[in-house]
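FYI, the numbering just counts along the sequence from 1. For clarity, every value in this text was computed on a predicted model and none was experimentally measured.
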Amino acid sequence: MGKEVFPVTEENVNSGICMDMLEQARDGVIIIDDRNCIVFFNHAAEKLWEYTADEVMGRNVKCLVPTEYRSQHDGFIAHNRETGINRIVGTSREITFESKSGDYVSAEMSISTALIGPDKKRYYMAFMKGVTEESHRRKLLDLQNTVFRSLSGDMLIQDVADLVCQGVEEFVPNSVAVLMLLTSDHTLQILSGSGLPRRFATALEHMTLTEADITALANDLDEASSVVWESYRSLGISLGLHDCWASAIRAPNGKISGILALYSRNQHKVAEWPRKIVSGAVPFCGVVIEQYEARQHISQLANYDPLTGFLNRTSLHKVLRNMISQPGDNHFAVLLLDLDRFRDINDALGHVQGDTFLKVIAERLKKLCRSNYVLSRSGGDDFVIVIPNATADMAVDFTKTIINAMQRPLDVAGNQLSASFSTGIATFPENGPDGESLISHAEVAMRQAKKEARGSYRLVSTIDSKDAQDRLVLGSALRDSLSKGLLNLHYQPQIEARTGQIYGVEALARWNHPTLGNIFPSRFIAVAEETGQIEAIGRWSLEEACRQIVAWERDGVHIPVVSVNLSAAHFHNRGLVPMIAALLDKYGLAPERLTVEITESVMMEESEETMNVLAAIRKLGVGLSMDDFGTGFSSLSRLTRLPLTEIKIDRSFIMNLEHDANAQAVTTAVIGIGNRLGMTVVTEGVETEAQYDLLESLHCDVLQGYLFARPMSATDLEAWARQPRLLMPAMTRKPDQGQS
């Protein structure tokens, strides 16, 4: 098939036609000669730069480039002319430049070069395609994606806020972006805005928005410009700021959460498109603020007591570590305050009003403290106050101030209540090298004050410090041993006085530490009670005892019942009964195979909660034994109200039983009371046959002591149970002989 060819004429290649085509091109076209002077500037270029061709023709092309590059621009072109290395020529890139009105314009630029004329002079031609709106949309989307990726990672919110402001500033050269949070008290908190002059930032953060301001922002987000610029225009201009675009940020719940502001240092008026940039960035700024508030809330929960707003125990120790690590002759005082008889408040008014009472107490303490004092609520009714740069005398003076202030009644839900603190005072560095030691020592002093005179204070003494340090070391070691299963139970047999048969065994906790050695129960049980580990030991003892009963049965050794000691703390826990029931079910044990031993302190307390727990234990069918009966201040009336199955006479009554008429009288009375109340009577500390004979004649039911066996391991007890046992004369009598 033929090809039609048109002849090329002079008219076809006339330079005038080419120039007309360039003049009418939709993209801006600029041509410069070998002197870098503008020799062509089409109509589209005039619209981009807002200069007419007459205003730029013959001028150096650097008048069109951004201000910061003008001084170096001729050097860039000269380098290309001399070396022929094309870094820009032949490529396409996006640039931003200023128009005549001061507006910033984005455009895609591509440059071509050619040698023109007989002298082969190098000319350059640039094609400029305006992409301002499209570029901004794309960059905003990129910035948004970057922000979201950063928020989903581990980047700090402060760094994300800086990332936002830096990105917004790139849209408007010579500007400062500021992201502000609107706080709950209607002040502005700057999250990011490092380029903002300090005086201007201070002015913004000292401003309090009125309700009218908040309403105006809610109705029109652009009202933010009035809030953060119009009122401070003169100050801003004096500091080099000449314009501002701002928008309020609306949270998902509809409330105003912050403001994004963009301040310009350009003296000439910039067009309105920066306002679009601000508006486009507001949505993901809102997400940043939302994340900031969420993390602040999490931090608040992690570091502060939700009831009083004081530091919690963990945060208090961080503060103490920081104070201790400060250089120089550092000293401070730690006050540990424990509310006296707070349980009475809870019992009388209920836990809700009890919490209100604690809030009122906290407010009074806060008013008494100076701004640099550290306040913490470290427990249910315990408070800690740290006084910087304080001696012991200064701490005592402040404690007296608290004591006097607490003499004024507190109004709680219409009730006029009085309150007092028992206070322990420790000082750094005298009373310990670290926060744990200081708190521990102050707690010892507080307990001493509570014991000797409620509502008073005590200073930590050197002896107290040594004892507290000992408890601290033991407490830490005990916690580690519990977690690693280093405690074990020993068992002491209990023998029926009339028959010599095994009545049961008492389980006794033993602790042999790898480095501290064998630690007596009287020592580590006291430490466990003071360090809050006694409940864990009780739970472990119950499960270990149940497991061991099953193991003995499996090996053919029948131990009718195992008695386990529990402290008073266990009976404040409503979960004790379900736990015992679960253990019986887990090991398939009849409830009568287990007896729980309680102390007289439990009987003395006689609270409704404790009584309910004791009744529930008996309802399970588990035995209840009163340990060391007669050594405290228990009364017979209380004894009759408790659902006991057993009472144990303390060894102190048995030591001189043969020779002490008073001990015999008390022992006789206790055995008689137990028998009449239908309880089994167990006597501890039986070491001689004479003691046995006397107790048996008094009709004591069960005997326990070295006369029969010492406490021993589970394995040794199994071997002991298989051997013939010592029989006393009364055990060999026939029943009718025993009756005579």
- Note on the structure: One should read off an interatomic distance between L589 CG and E592 CD, to the nearest 0.5 angstrom, of 9.5 Å
- Message: Any side-chain to backbone donor/acceptor pair from N431 onto T427? Under 3.5 Å, distance only.
- Response: yes
- Would you find more than 12 non-hydrogen atoms of other residues, nucleotides or ligands less than 6.0 Å from R676 atom CZ? no
- Where do I671 and H699 come nearest, in terms of heavy atoms and distance? CG2-O, 3.7 Å
- Item | Stepwise side chain to side chain contact (heavy atoms under 4.5 Å, CB included) test for F571 and I598 | CA-CA 9 Å; F571 299 95; I598 64 175; 3.1 Å; yes
- Message: Under the rule for ring-ring contact (aromatic ring centres under 6.0 Å, His included), what residues qualify as partners of F708, not counting sequence neighbours?
- Response: none
- Looking only at atom types and distance, does a side-chain atom of S483 sit under 3.5 Å from a main-chain N or O of D480, one as donor and one as acceptor? yes
- Side-chain donor or acceptor of S315 paired with backbone N/O of L311 under 3.5 Å: no
- Message: Side chains of Y587 and I549, heavy atoms from C-beta outward: is any pair under 4.5 Å?
- Response: no
- Message: For E687, I'd like to know if atom CD has over 12 heavy atoms of other residues, nucleotides or ligands within 6.0 Å.
- Response: yes
- Task: May I ask you to say whether R539 pairs ionically with E543, meaning some side-chain N is under 4.0 Å from a carboxylate O?
- Result: no
- Message: As a quick check of understanding, evaluate side chain to side chain contact (heavy atoms under 4.5 Å, CB included) for T667 and V681, giving each step before the final call.
- Response: CA-CA 10 Å; T667 303; V681 180; over 6 Å; no
- Message: With a 4.5 Å cut-off on side-chain heavy atoms, are Q533 and L482 touching?
- Response: yes
- Message: For G455, is there any backbone N or O sitting under 3.5 Å from a side-chain donor or acceptor partner on D340?
- Response: yes
- Beyond-backbone contact of R618 with L614, side-chain heavy atoms, under 4.5 angstrom: no
- State whether the side chain of R593 and the backbone N or O of I559 hold a donor-acceptor pair below 3.5 Å, judged by distance alone. yes
- For I519 and F524, work out which heavy atoms get closest and say how close. O-CD2, 3.5 Å
- Task: Decide yes or no on side chain to side chain contact (heavy atoms under 4.5 Å, CB included) for V682 and I649, but give the supporting numbers first.
- Result: CA-CA 6 Å; V682 180; I649 300 175; over 6 Å; no
- Query: What pair of heavy atoms forms the shortest contact from L644 to M626, and how long is it?
  - Reply: CD1-CB, 3.8 Å
- Task: Decide yes or no for I580 and L620: does some side-chain heavy atom of the first lie under 4.5 Å from some side-chain heavy atom of the second?
- Result: yes
- Task: For residues V384 and L335, determine if any side-chain heavy atom of one lies less than 4.5 Å from a side-chain heavy atom of the other.
- Result: no
- Can you see which heavy atom on V613 is nearest to which on N573, and at what distance? CG2-O, 4.3 Å
- Message: Looking at S625 and D627, would you say the former's side chain and the latter's main chain have a donor-acceptor pair under 3.5 Å?
- Response: no
- Message: Does any part of the side chain of Y692, heavy atoms only, come nearer than 4.5 Å to the side chain of I495, both counted from C-beta?
- Response: no
- What is the ring orientation for F428 with F332, classed by angle as parallel under 30°, tilted 30 to 60°, or perpendicular over 60°? parallel
- Item | Donor-acceptor pair, side chain of H317 and main chain of T314, under 3.5 angstrom | no
- Task: In sequence, state the C-alpha distance, the side-chain angles, and the governing distance for I402 and T423, and then conclude on side chain to side chain contact (heavy atoms under 4.5 Å, CB included).
- Result: CA-CA 10 Å; I402 294 175; T423 305; 5.9 Å; no
- Query: Would a distance-only check, ignoring hydrogens and angles, find a side-chain to backbone donor-acceptor pair under 3.5 Å from Q492 to A709?
  - Reply: yes
- Query: Salt bridge between D434 and R321, side-chain N to carboxylate O under 4.0 Å?
  - Reply: no
- Message: Once rounded to the nearest 0.5 Å, what's the spacing between atom CG of D381 and atom CD1 of I361?
- Response: 10.5 Å
- Message: One thing to verify: whether R377 and D382 come together as a salt bridge, which I'm taking to mean a side-chain N less than 4.0 angstrom from a carboxylate O.
- Response: no
- Without swapping roles, check the side chain of T688 against the backbone of Q691 for a donor-acceptor pair under 3.5 Å. yes
- Task: Kindly compute the distance separating CG (L594) from CG (L542), expressed to the nearest 0.5 Å.
- Result: 6.0 Å
- Provide the closest heavy-atom pair for I502 versus A721 in the form atom of the first, atom of the second, distance. CD1-CB, 4.3 Å
- Any idea which heavy atoms bring P643 and L624 closest together, and the distance? O-CD1, 3.7 Å
- Message: Working to the nearest 0.5 angstrom, can you tell me the gap between E430 CD and L438 CG?
- Response: 9.5 Å
- Message: We want to know whether Q448 and E452 form a side-chain donor-acceptor pair, criterion being a heavy-atom distance below 3.5 angstrom.
- Response: yes
- Task: Rounded to the nearest 0.5 Å, what's the gap from CE on M446 to CG on L337? Could you check?
- Result: 9.0 Å
- Query: Between S440 (side chain) and E436 (backbone), is there a donor-acceptor pair under 3.5 Å?
  - Reply: no
- Does atom CZ of R710 have more than 12 heavy-atom neighbours from other groups under 6.0 Å away? no
- Message: Regarding H513 and T515, do their side chains bring together a donor and an acceptor under 3.5 Å, going by distance alone?
- Response: yes
- Under a 4.0 Å N-O cut-off, is there an ion pair linking D355 with K359? no
- Can the ring centres of Y491 and W720 be said to be less than 6.0 Å apart? no
Please list every donor-acceptor pair under 3.5 Å in which a side-chain atom of residues 503-511 meets a protein atom from a residue at least two apart or in another chain.
unit_1	atom_1	unit_2	atom_2	d
Y503	OH	E646	OE1	2.9
E506	OE1	K648	NZ	3.0
E506	OE1	Q704	NE2	2.7
E506	OE2	N565	ND2	3.1
W511	NE1	S481	OG	3.0

- Query: What distance do E718 atom CD and D716 atom CG have between them, rounded to the nearest 0.5 Å?
  - Reply: 10.0 Å
- Message: Do V386 and V319 have side chains that approach each other closer than 4.5 Å (heavy atoms only, starting at C-beta)?
- Response: no
- Message: Looking only at the side chains, is there a donor atom on one of E496 and T499 sitting less than 3.5 Å from an acceptor on the other?
- Response: yes
- Query: So do the side chains of L478 and L487 get within less than 4.5 Å of each other, counting heavy atoms only?
  - Reply: yes
